Amino acid sequence: MNKSKIGILAGMGPRSTAPFLEKVIDECQRQYGATYDMDFPEIHIISLPTPFYPGSAIDSAKMIEALQRGITDLVKSNVSLLSIPCNLAHCYFDEISEVSQGIPVLHIADALYSFLPPPPSTVCILATLPTLESGFYQQRLATKGITLVDSKVLREKTTALLPVIKAEGYHSDRVHALWQEIIIEIAKLEINEVIIACTDLSPLTTITHGYSITFIDSMAALAVKTVSEYLRQREELP
């Protein structure tokens, strides 16, 4: 009997893997009332080390090789859908899809559509420089009539925060201080809705330091899409 199985290519960064899995489990409970162990999906997870160093140029050839190796290993485990909780990895979405052997690969930016404010509206984005430069968020938001705002200062502060998260974790005083600086910069832009387009930042979205900010979390959106696609496949597969 065929069976819907979720493949997750995570580990980019390593601290984002567990929070994404928790969100997927939460979505199983929310979307179809999963309760007992047997109610939850079979999930294959690879926490993939990748050659990404915040603030440094990416060796695209090495990055593609790592991503394709991870996808190939998940395909070998007979998963029926692929989910990648890393925005930067989606800069190489075409190369990833080349080795998926027809298994659907969910796009993290597409998963965000139902969470966006109605047009016309303006949102801010927090993302790594490669994600911003790839333009896949800008292209999608433009078709929805949504204006995207970021700033040089936000880019710099986001880039500075990421290695501290990787080194010290989310309970670090230094992480919280840098995050507060980012919140203050967002407040200066007078924008209340912010897309979190870096999954390393997702666990910080509960901290607003008293400012009125609505975070639109790409990781949470991808978890919703992952479980809804799992359910669709479960109903369709014989």
Side-chain angles (χ1 to χ4, degrees), residues 2-28 34 37-38 40-54 58-112 127-128 130-131 134 136 162-163 165-167 169-170 196-203 217-234 237:
N2 290 325
K3 184 180 179 182
S4 179
K5 295 191 289 188
I6 298 172
I8 297 175
L9 187 64
M12 303 167 279
R15 293 187 184 276
S16 67
T17 301
F20 181 69
L21 181 59
E22 289 289 340
K23 289 182 185 299
V24 169
I25 297 303
D26 289 344
E27 280 302 310
C28 292
D37 292 355
M38 288 298 294
F40 291 89
E42 181 175 332
I43 303 176
H44 296 252
I45 305 166
I46 292 178
S47 184
L48 183 72
T50 56
F52 171 62
Y53 306 92
I58 295 176
D59 185 327
S60 289
K62 289 183 178 179
M63 180 66 75
I64 291 168
E65 190 276 332
L67 292 169
Q68 288 186 333
R69 185 178 68 251
I71 291 294
T72 298
D73 287 345
L74 285 171
V75 168
K76 290 177 181 177
S77 64
N78 295 316
V79 298
S80 58
L81 68 100
L82 292 160
S83 186
I84 308 169
C86 172
N87 283 273
L88 187 146
H90 288 72
C91 298
Y92 306 96
F93 190 78
D94 290 342
E95 290 83 358
I96 288 168
S97 299
E98 285 175 4
V99 295
S100 69
Q101 297 189 25
I103 296 170
V105 186
L106 305 181
H107 198 295
I108 196 167
D110 291 341
L112 210 64
T128 62
T131 298
S134 72
F136 61 80
L162 293 179
I165 290 174
K166 294 177 186 295
Y170 294 106
I196 300 294
C198 176
T199 52
D200 273 329
L201 301 180
S202 294
D217 185 1
S218 62
M219 177 190 280
L222 183 62
V224 172
K225 183 65 175 178
T226 299
V227 176
S228 64
E229 178 65 12
Y230 161 77
L231 288 173
R232 187 192 66 77
Q233 288 189 352
R234 194 174 69 170
L237 290 174

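Since we're looking at a predicted model, the values are computed, not measured.
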#### Entry: Heavy-atom closest pair, residues D217 and S202
OD1-OG, 2.7 Å
### Message
For the backbone of S80 and the side chain of Q233, can you confirm whether one donor and one acceptor N or O come within less than 3.5 Å of each other?
### Response
yes
#### Entry: Heavy-atom pair of closest approach, residues S100 and I71
CA-CG2, 4.0 Å
### Query
Step by step, would you call I103 with V75 a side-chain contact (heavy atoms from CB on, under 4.5 Å)?
CA-CA 8 Å; I103 296 170; V75 168; 3.9 Å; yes
### Message
Are there over 12 heavy-atom neighbours, none belonging to K225, within less than 6.0 Å of that residue's NZ?
### Response
no
### Message
I need the L48 CG to L9 CG distance, nearest 0.5 Å.
### Response
5.0 Å
## Note on the structure
Test side chain to side chain contact (heavy atoms under 4.5 Å, CB included), reference F40, set V227, V24, I25, output is I25
### Query
Under a 4.5 Å cut-off applied to non-hydrogen side-chain atoms, are F52 and M12 in contact?
no
#### Entry: Distance-only donor-acceptor check, side chains T131 and T128, under 3.5 Å
yes
### Query
How far apart are the C-alpha atoms of R232 and E229, what are their side-chain angles, what is the distance that settles it, and do they pass the salt bridge (Lys or Arg N to Asp or Glu O under 4.0 Å) test?
CA-CA 5 Å; R232 187 192 66 77; E229 178 65 12; 2.6 Å; yes
#### Entry: Mutual orientation of the aromatic rings belonging to F93 and H107 [parallel < 30°, tilted 30-60°, perpendicular > 60°]
tilted
### Query
Just by modelled atom types, is the Q68 backbone N or O under 3.5 Å from a matching donor or acceptor in the E95 side chain?
no
### Task
Report the distance from atom NE2 of H90 to atom CG of L67, rounding to the nearest 0.5 Å.
10.0 Å
### Query
Could you give the distance from CD (E65) to OG1 (T50), rounded to the nearest 0.5 Å?
11.5 Å
### Message
Please find the pair of heavy atoms, one from Y92 and one from I58, that lie closest to each other, and give the distance.
### Response
OH-CG2, 3.4 Å
### Summary
Between A221 and L112 the two heavy atoms that sit nearest each other are CB-CD1, 3.7 Å
### Task
First locate atom CD1 of I96, then atom CG of L82, and finally report the distance between them rounded to the nearest 0.5 Å.
9.5 Å
### Closest contact, heavy atoms only, P85 versus A10
CG-CB, 3.9 Å
### Query
Is the backbone N or O of G11 less than 3.5 Å from a side-chain atom of T17, with the two atoms forming a donor-acceptor pair by type?
yes
### Contact check, side chains of I108 and I84, non-hydrogen atoms, under 4.5 Å
no
#### Entry: Polar side-chain atom of S218 near backbone of I196 as donor-acceptor pair, under 3.5 Å
yes
### Query
How far does CG of L21 sit from CD1 of I45, to the nearest 0.5 angstrom?
4.5 Å
### Query
To the nearest 0.5 Å, what is the distance between NZ (K5) and OG (S77)?
6.0 Å
### Query
For I43 and I8, what are the C-alpha separation, side-chain angles and deciding distance, and is it a side-chain contact (heavy atoms from CB on, under 4.5 Å)?
CA-CA 7 Å; I43 303 176; I8 297 175; 3.6 Å; yes
### Message
Any non-hydrogen side-chain atom of L81 less than 4.5 Å from a side-chain atom of S4?
### Response
yes
### Query
Going by heavy atoms in the side chains, are T199 and F20 under 4.5 Å from each other?
no
### Smallest separation among heavy atoms of K166 and R15, with atom names
O-NE, 3.7 Å
### Query
Does a side-chain heavy-atom distance below 4.5 Å link L201 with L162?
yes
### Task
Please lay out, stage by stage, how K23 and E27 fare under the test salt bridge (Lys or Arg N to Asp or Glu O under 4.0 Å).
CA-CA 6 Å; K23 289 182 185 299; E27 280 302 310; over 6 Å; no
